[in-house]
Novice: 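Here it is: the structure, laid out below.
Every chain is numbered from 1, with letters handed out A, B, ... down the list of sequences. Computed over heavy atoms, backbone and side chain alike; hydrogens, waters and symmetry mates excluded.
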Protein chains: 2
Amino acid sequence: MTRIDDVARLAGVSTATVSRALRGLPTVSAATRRRVLAAAEQLEYAVSPSASRLAGGRTGTVAVVVPRITRWFFGTVVEAVEDILQQAGYDLLLYNLGGREQVRARVLRTADLHKRVDAIMLVATPLRPTDLTALGRLKLPGVTLSSGTVVPGWPCVRIDDVGVARTATRHLLDLGHRRIAHITGDPDDELAYTTHLDRRRGYREALCEAGIEPDPSLDVESQFTISGGTRATEELLRRGDPPTAIFAACDEMAMGAMTALRDAGLRVPQDVSVIGVDDHDLASVLGLSTIAQPAAEQGRLATRILLDPLHGRALPPGSTPYLDTPGSPVILPTRLIVRESTAPPRAH
Amino acid sequence: MTRIDDVARLAGVSTATVSRALRGLPTVSAATRRRVLAAAEQLEYAVSPSASRLAGGRTGTVAVVVPRITRWFFGTVVEAVEDILQQAGYDLLLYNLGGREQVRARVLRTADLHKRVDAIMLVATPLRPTDLTALGRLKLPGVTLSSGTVVPGWPCVRIDDVGVARTATRHLLDLGHRRIAHITGDPDDELAYTTHLDRRRGYREALCEAGIEPDPSLDVESQFTISGGTRATEELLRRGDPPTAIFAACDEMAMGAMTALRDAGLRVPQDVSVIGVDDHDLASVLGLSTIAQPAAEQGRLATRILLDPLHGRALPPGSTPYLDTPGSPVILPTRLIVRESTAPPRAH
DNA sequence: CTGAAAGCGCTTACAG
DNA sequence: CTGAAAGCGCTTACAG
């Protein structure tokens, strides 16, 4: 392959000048730059990332860590993040934790990332104290998206999970439901996502405000997946005296709940109302009421924030800084979407 | 950060020996290796990928190109691929084409990838002749997954798309349907996925074998997405004299079709039967009949094939070579899953 | 089994 | 605005 020397020779300049011209540095005359670009094109020159990274000390790469790329929210986020990174010329190094402790350890606890990427995005990744210590030692810029654990010094983009749960629960209360169940994330996971804790809190708060004592038998924990929703709902039904409504912590769980209800001979919403969170692509197909959250927008915003210090870009005049109060999370809005899966309970 | 010299000094050996010991090369005595590993651990040493790549000429990275990470099939494939790459110590560089011509060009037509990765996996990526030429010049090993375009010299892992479509169509024929519509991929895309062409072919073949002349008005093209399925079905209904069954080229289109039918006041399967392809996670939730294909398995297999020449690994004794006939695709099995969305047509 | 030394292909002060 | 030269941190023949 052609190297920088080849281009330099053809353009009649030094390699230093080629390097500067190709990267668009301002200290190159227009005529020289033209010659260099022409030579590079003619030779089909592409810079060697390894050499450039070694010499320049920058990797041009961002690590994106997600729990499971196959879940709707994370896939949507990654797509949006990739789009922005691509435009900015960054590579996206994907880490799909997938519940594999070994991967967690490699990503979060070794110095592996330090020399591999310029910045880190953690999507909904809960951290142990030791993880936080290790991340701090890396001294890399980072951003967290969706709850997970707050990393000191890193911006955070998210929604108001407590508020989301209150809105969903209140919607059911407003319809007249009193026995409202909640199905949510894994109880035994010591790294429990704060997402599910926050959503449960909102659920309980809304109930209490309505004068209803939260009933532990109506609160079932499983996993944030379709089959998790199915299992949780089956457990719920097994306990007898079924609820008239279910608030699922995400749409995928809600879809699982709908299956389990159908299999149990219960109709949605006539027998049981169901509401989720996300506005998954399939929510409208299933007529699922939900609280919509802007997944792609969170990804885009988090990426822009991440790239900002790297590029040292100034904010355009008149624009709002990303963070009103440095250190406080950027909260994006959500909204209730009422479809066919929620209705008043049958007259008692 | 600590460099290789630091480790060498602490272990009392040369950097060459550290390099060899850390990479597990056999030409290092057990005692030396132990000392080196201990020193590396004590110093929390992590090799610099840039330096290692520049010196060694290998990147330890695989490019994975997918049309859209948010579509079920591609997300599932990427998750499986990432798992194998992770275990093998490779980085996964994600390229989500997302219909962006600019990204296509950068990935497929520049020498960008050449110095960036050791191997390429193209998932369902159709290629123009110029793309093929450019890929050939890269002289990198690669593999294609799912149809797309065949790249000379690259192994290919896929299913039998014609056969899948025949099975789906035959299932509908066996139920007694005669007016069977097909909704499938984008017609105007000059890079039309071969997937959708193959599936249409199977559909037509099955009809012809049953003595039915394919009716062009029952063949609607849209996009391989939920909303694509909805639009295609709306178009189908607009044409009047609706079919008694729809074969959708993928489950996501089938789900879109179910929505459109419901919105038009038609019941599935009483008025119209629907069958898709994939066995999407949600197919069972929706009671969608489908042809299941092993997405993760295709990803795993393609990755193993890709890594094989890189590592120069010999196949374990007794194992079957990946490719029976070099150059011929590896075809993975599929199977019909009958759920609630298909039934005999109503008596005329 | 181990080491000294060259070299991978760039970028970056430094000097002009 | 441009160039000569050092250096980024490894790996790899080569020699022993």
Side-chain angles (χ1 to χ4, degrees), chain A residues 1-37 39-40 43-61 89 91 111-118 310 312, chain B residues 1-37 39-40 43-61 89 91 111-118 310 312:
Chain A
M1 293 299 283
T2 53
R3 297 166 314 166
I4 198 170
D5 328 31
D6 302 318
V7 179
R9 208 170 307 117
L10 182 60
V13 297
S14 70
T15 58
T17 299
V18 173
S19 174
R20 293 183 189 115
L22 257 30
R23 281 177 299 148
L25 299 191
T27 62
V28 179
S29 76
T32 304
R33 187 187 308 278
R34 251 193 314 275
R35 280 216 313 286
V36 170
L37 290 178
L43 297 174
E44 293 189 297
Y45 172 72
V47 69
S48 157
S50 318
S52 169
R53 289 167 188 185
L54 179 58
R58 295 174 63 260
T59 65
T61 304
D91 283 343
D112 231 54
L113 282 185
H114 177 69
K115 300 174 175 175
R116 204 172 291 273
V117 302
D118 293 331
L310 266 69
Chain B
M1 291 299 284
T2 54
R3 296 165 315 166
I4 197 170
D5 328 31
D6 302 320
V7 179
R9 207 170 308 116
L10 182 59
V13 295
S14 70
T15 59
T17 298
V18 173
S19 174
R20 294 183 188 113
L22 256 30
R23 281 177 299 148
L25 297 191
T27 62
V28 179
S29 75
T32 305
R33 187 185 309 279
R34 251 194 313 276
R35 279 216 313 287
V36 169
L37 291 178
L43 297 174
E44 293 188 298
Y45 172 72
V47 69
S48 157
S50 318
S52 169
R53 289 166 189 186
L54 179 58
R58 295 173 64 259
T59 66
T61 305
D91 282 343
D112 231 56
L113 282 184
H114 177 69
K115 301 175 174 175
R116 204 172 291 274
V117 302
D118 293 332
L310 267 68

Novice: For C/dT11, take OP1 and OP2 only and decide whether either is under 4.0 Å from a side-chain N or O of A/Arg23.
Specialist: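 Checking A/Arg23 against C/dT11: at least one side-chain N or O falls below 4.0 Å of OP1 or OP2.
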Novice: May I ask you to verify if any side-chain N or O of A/Ser48 is less than 4.0 angstrom from the OP1 or OP2 atom of C/dC10?
Specialist: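 The answer is no; no side-chain N or O of A/Ser48 sits under 4.0 Å from OP1 or OP2.
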Novice: Has the side chain of B/Arg33 got a donor or acceptor atom that lies under 3.5 Å from a matching backbone atom of B/Leu25?
Specialist: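 Yes: the side chain of B/Arg33 pairs with the backbone of B/Leu25.
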Novice: Paired with D/dT2 by Watson-Crick or G-U wobble geometry, both distances under 3.5 Å: which nucleotide is it?
Specialist: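 Across all strands, the one nucleotide that pairs with D/dT2 is C/dA15.
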Novice: Nearest heavy atom decides the nucleotide; on that basis, is A/Ala30 or A/Ala16 closer to the 5' end of DNA chain D?
Specialist: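 It is A/Ala30 whose nearest nucleotide is closer to the 5' end.
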Novice: Is there a donor and acceptor pair closer than 3.5 Å between the side chain of B/Arg20 and the base of C/dG3?
Specialist: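 Donor-acceptor pair under 3.5 Å: yes.
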Novice: Applying a 4.0 Å non-hydrogen cut-off, can you work out what A/Thr27 is touching in the nucleic acid: base, sugar-phosphate, or nothing?
Specialist: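 Touches a base.
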Novice: Any side-chain N or O of B/Ser50 less than 4.0 Å from the OP1 or OP2 oxygen of D/dC8?
Specialist: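 No, outside the criterion.
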Novice: I want to check one thing: is the phosphate of D/dT2, taken as OP1 and OP2, less than 4.0 Å away from some side-chain N or O of A/Arg35?
Specialist: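 For A/Arg35, the contact criterion (side-chain N or O under 4.0 Å from OP1 or OP2 of D/dT2) is not met.
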Novice: Just to confirm, is there a sub-4.0 Å distance from OP1 or OP2 of D/dC1 to any side-chain nitrogen or oxygen of A/Thr32?
Specialist: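 The answer is no; no side-chain N or O of A/Thr32 sits under 4.0 Å from OP1 or OP2.
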Novice: How is A/Pro26 classified with respect to the nucleic acid when contacts are heavy atoms under 4.0 Å: base, sugar-phosphate, or nothing?
Specialist: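 Here A/Pro26 touches the backbone only, sparing every base.
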Novice: When you measure from the side-chain N and O atoms of B/Thr17 to the phosphate of C/dG3, is any distance below 4.0 Å, counting only OP1 and OP2?
Specialist: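 For B/Thr17, the contact criterion (side-chain N or O under 4.0 Å from OP1 or OP2 of C/dG3) is met.
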Novice: Any side-chain N or O of B/Tyr45 less than 4.0 Å from the OP1 or OP2 oxygen of D/dC10?
Specialist: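 Affirmative; the distance criterion is met.
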Novice: Quick one: A/Asp5 CG to D/dA4 C1', roughly how many Å, whole number?
Specialist: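 Taking CG of A/Asp5 and C1' of D/dA4, I get 14 Å after rounding.
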